[in-house]
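Everything on this sheet refers to the single structure shown next.
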Number of protein chains: 2
Amino acid sequence: MDSDIGFKAALAEAQKGSDEGGVPIGACLVSADGKVLGQGHNMRLQSSSATLHAEIAALENAGRLPAATYRGATMYTTLSPCDMCTGACVMYKVKRVVIGENVTFVGGEDYLKQRGIEVVVLQNEKCRELMNKFISNRPRDWNEDIGEEDK
Amino acid sequence: MDSDIGFKAALAEAQKGSDEGGVPIGACLVSADGKVLGQGHNMRLQSSSATLHAEIAALENAGRLPAATYRGATMYTTLSPCDMCTGACVMYKVKRVVIGENVTFVGGEDYLKQRGIEVVVLQNEKCRELMNKFISNRPRDWNEDIGEEDK
């Protein structure tokens with residue numbers, strides 16, 4: 001089942017990010033016929049990157065693709081996508097976004113739906129655990145990652 | 001005047017992209033007190049990048065910044081921002097987006113306003129010329145850059 005491949009890859013990327021001491025969010029772009037097109041994880045802390053969120057990293061690692069390929073594709077991400085990553089999915093008109101969890105953060109899910117993209121939320125416990133641990137240990141880094149001022 | 005600095009830098013980046021044979025769009029992020037925080041240009045053709053649009057490149061080159069810095073900042077871009085770059089400006093809550101032209105392409109201007117970001121369109125002739133030339137010479141590359149299927 002392609003959803004298994006995509007979600008497992010996204011979760012493995014999140015774990016890799018966690019192991020590297022980074023923001024533990026992973027993503028994987030899967031084609032209409034179930035092939036992994038690209039995958040990646042948040043690189044804010046590892047590369048001092050302000051834009052390599054997991055979904056952007058997955059799109060970047062997938063390289064240049066024809067518009068038609070995105071249109072049948074599914075973006076798997078371990079966390080509800082921020083406005084930037086939402087916009088990337090909207091721009092490339094992916095068919096579906098599958099989200100690991102949206103308890104620790106809610107991003108642009110409504111806007112994705114509004115723009116005709118199917119949204120599925122898995123409420124996966126492992127995704128939530130990774131985020132809860134990171135947010136609790138590094139609240140300032142987490143706020144920076146989503147453009148929020150420290151409370 | 002800070003708007004001169006930012007727009008000039010964005011236009012110089014677009015020209016640089018054009019000289020490199022790339023998509024001729026440039027951007028520059030300027031702080032509330034008029035300092036250039038980062039600038040860049042579209043790197044699709046030069047780096048086979050699916051995500052380094054001009055605004056993303058400018059944000060990336062600016063590096064990690066506190067949320068408060070973005071909130072006072074202006075993003076100068078030579079072309080109306082696509083949904084991804086719109087989302088990036090929304091996520092970081094920049095104060096203002098100054099757009100070189102929106103004749104050759106209209107992106108997420110309405111959504112920027114809806115999310116509380118000031119939008120200014122300059123209708124600069126040089127920006128339009130660069131885009132018209134590129135779209136006319138390389139229509140497929142342009143469609144790919146904005147996630148559109150070839151007509």
Side-chain angles (χ1 to χ4, degrees), chain A residues 23 29 37-38 40 43-73 81-94 105 107-108 111-112 114-115 117 140-151, chain B residues 23 29 37-38 40 43-73 81-94 105 107-108 111-112 114-115 117 140-151:
Chain A
V23 185
L29 184 69
L37 296 167
M43 294 297 286
R44 175 170 298 271
L45 303 183
Q46 299 91 318
S47 305
S48 283
S49 174
T51 67
L52 283 173
H53 279 190
E55 300 89 331
I56 300 293
L59 288 166
E60 183 65 12
N61 292 336
R64 291 176 58 182
L65 296 170
T69 304
Y70 294 107
R71 278 167 168 65
C82 81
D83 288 308
M84 172 175 67
C85 297
T86 293
C89 292
V90 167
M91 194 265 282
Y92 281 125
K93 302 175 186 68
V94 302
F105 174 79
Y111 190 58
L112 286 170
Q114 197 181 315
R115 295 292 297 266
I117 297 172
R140 295 189 65 172
D141 287 326
W142 173 236
N143 281 337
E144 185 193 289
D145 195 57
I146 50 172
E148 292 293 341
E149 295 190 83
D150 293 321
K151 306 288 185 298
Chain B
V23 184
L29 184 70
L37 297 167
M43 294 296 286
R44 175 171 298 272
L45 303 183
Q46 298 92 318
S47 306
S48 283
S49 173
T51 67
L52 283 173
H53 279 190
E55 300 89 332
I56 301 293
L59 288 165
E60 183 65 13
N61 291 337
R64 293 177 58 182
L65 297 171
T69 303
Y70 294 107
R71 277 168 170 67
C82 81
D83 288 309
M84 172 175 67
C85 297
T86 294
C89 292
V90 168
M91 194 266 283
Y92 280 124
K93 301 175 188 69
V94 301
F105 174 79
Y111 191 59
L112 285 170
Q114 196 180 315
R115 296 293 297 266
I117 296 172
R140 295 188 65 173
D141 286 328
W142 173 236
N143 280 336
E144 185 193 291
D145 195 58
I146 50 173
E148 292 294 341
E149 295 189 83
D150 292 319
K151 306 292 184 295

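Residue numbers begin at 1 in each chain, while the letters A, B, ... track the order of the sequences.
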Answer yes or no: is there a side-chain heavy-atom contact under 4.5 Å between B:Glu144 and A:Pro66? no
So ring-ring contact (aromatic ring centres under 6.0 Å, His included) across residues 43-67 of chain A, not counting sequence neighbours, yields none
Max heavy-atom pair count under 4.5 Å with chain B, selected residue of A:Gly108, A:Ser49, A:Ser47: A:Ser49
Please classify the contact between A:Asp150 and chain B as side chain, backbone, both or neither, with a heavy-atom cut-off of under 4.5 Å. neither
Do you know which of B:Arg71, B:Arg64, B:Glu148 has the most heavy-atom pairs under 4.5 Å to chain A? B:Arg64
Quick check on B:Asn143 against chain A: is it the side chain, the backbone, both or neither that has a heavy atom closer than 4.5 Å? neither
State, with a plain yes or no, whether a side-chain heavy atom of B:Met43 is found less than 4.5 Å away from one of B:Ile56. no
Minimum side-chain heavy-atom gap A:Leu59-A:Tyr70 below 4.5 Å: yes
So do the side chains of B:Thr51 and A:Thr51 get within less than 4.5 Å of each other, counting heavy atoms only? no
Identify which part of A:Ser48 has an atom lying under 4.5 Å from any heavy atom of chain B, answering side chain, backbone, both or neither. both
Provide the closest heavy-atom pair for B:Pro81 versus B:Thr86 in the form atom of the first, atom of the second, distance. O-OG1, 3.2 Å
Under a 4.5 Å heavy-atom cut-off, does chain B meet the side chain of A:Arg115, its backbone, both or neither? side chain
Counting heavy-atom pairs under 4.5 Å with chain B, which one of A:Asn61, A:Val90, A:Asp83 comes out on top? A:Asp83
